[in-house]
Chemist: 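To start, I am sharing the structure in question, which I have written as structure tokens.
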Amino acid sequence: MPRFFFHMRDEDWLVEDAEGSELPDLEAARAKAADVARDYLAARLRAGQALDFGRVEIWDDAGRMLEAVPFPDAPDPR
């Protein structure tokens with residue numbers, strides 16, 4: 001099963017996913033990226049912090065960026 005990494009990035013910061021997640025395909029990785037974005041924004045909101053609108057980048061284990069999912073565009077998978 002392929003391993004995908006979900007790095008969060010904005011103009012001023014980068015948070016790298018060092019572990020990654022084994023997922024069946026890019027479609028599953030897109031859903032995970034949306035979850036990462038929602039979880040990040042929810043944690044910021046609960047803490048009373050500003051909502052930084054950056055993106056979650058989906059990388060493969062060969063070090064290639066496959067897609068970037070902007071936080072406001074993270075789809076609701078329900």
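This one's a predicted model, so the numbers in the text were calculated from it and none came from an experiment. Counting begins at 1 with the first residue of the sequence.
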Chemist: State which residues pass side-chain contact (heavy atoms from CB on, under 4.5 Å) with D17; sequence neighbours excluded, sorted by chain then number.
Modeler: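 side-chain contact (heavy atoms from CB on, under 4.5 Å) check on D17 returns F5, F6, H7, E19.
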
Chemist: Identify the residue among E16, E67, R9 that makes a side-chain contact (heavy atoms from CB on, under 4.5 Å) with E57.
Modeler: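 That would be R9.
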
Chemist: Judged by atom type as modelled, is there a donor-acceptor pair below 3.5 Å linking the side chain of D10 to the main-chain atoms of W13?
Modeler: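 Here the side-chain-to-backbone pair does not exist.
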
Chemist: Look at K32 together with D35 and state whether they make a salt bridge at an N to O cut-off of under 4.0 Å.
Modeler: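 Here K32 does not pair with D35 in a salt bridge, since their nearest N and O are not under 4.0 Å apart.
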
Chemist: Using the side-chain contact (heavy atoms from CB on, under 4.5 Å) criterion, which residues pair with E11? Sequence neighbours excluded.
Modeler: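 In terms of side-chain contact (heavy atoms from CB on, under 4.5 Å), with neighbours along the sequence ignored, E11 is linked to no residue.
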
Chemist: If hydrophobic clusters are built from ILVMFWY residues whose side chains come within less than 4.5 Å, do L66 and W59 share one?
Modeler: no

Chemist: Could you pull out the closest heavy-atom pair between P24 and M1, with the gap in Å?
Modeler: N-SD, 3.6 Å

Chemist: Side-chain contact test, heavy atoms from C-beta onward, threshold under 4.5 Å: evaluate it for E22 versus P2 and give yes or no.
Modeler: no

Chemist: Do R30 and I58 come close enough that some side-chain heavy atom pair is under 4.5 Å?
Modeler: yes

Chemist: Indicate if V15 and V69 have the same hydrophobic cluster label, given that clusters are the connected sets of ILVMFWY residues with side-chain heavy-atom separations under 4.5 angstrom.
Modeler: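 Looking at the clustering, V69 is in the same group as V15.
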
Chemist: What pairs with D39 under side-chain contact (heavy atoms from CB on, under 4.5 Å), at least two apart in sequence or on another chain?
Modeler: none

Chemist: If I compare all heavy atoms of R55 with all of P70, which pair ends up nearest, and what's the gap?
Modeler: CB-CA, 3.9 Å

Chemist: Under a 4.5 Å cut-off applied to non-hydrogen side-chain atoms, are M8 and L14 in contact?
Modeler: no

Chemist: How long is the straight-line distance from CE of M65 back to CG of D60, given to the nearest 0.5 Å?
Modeler: 11.0 Å

Chemist: Please tell me whether L45 and V56 are part of a single hydrophobic cluster in this structure, the criterion being side-chain heavy atoms less than 4.5 Å apart.
Modeler: yes

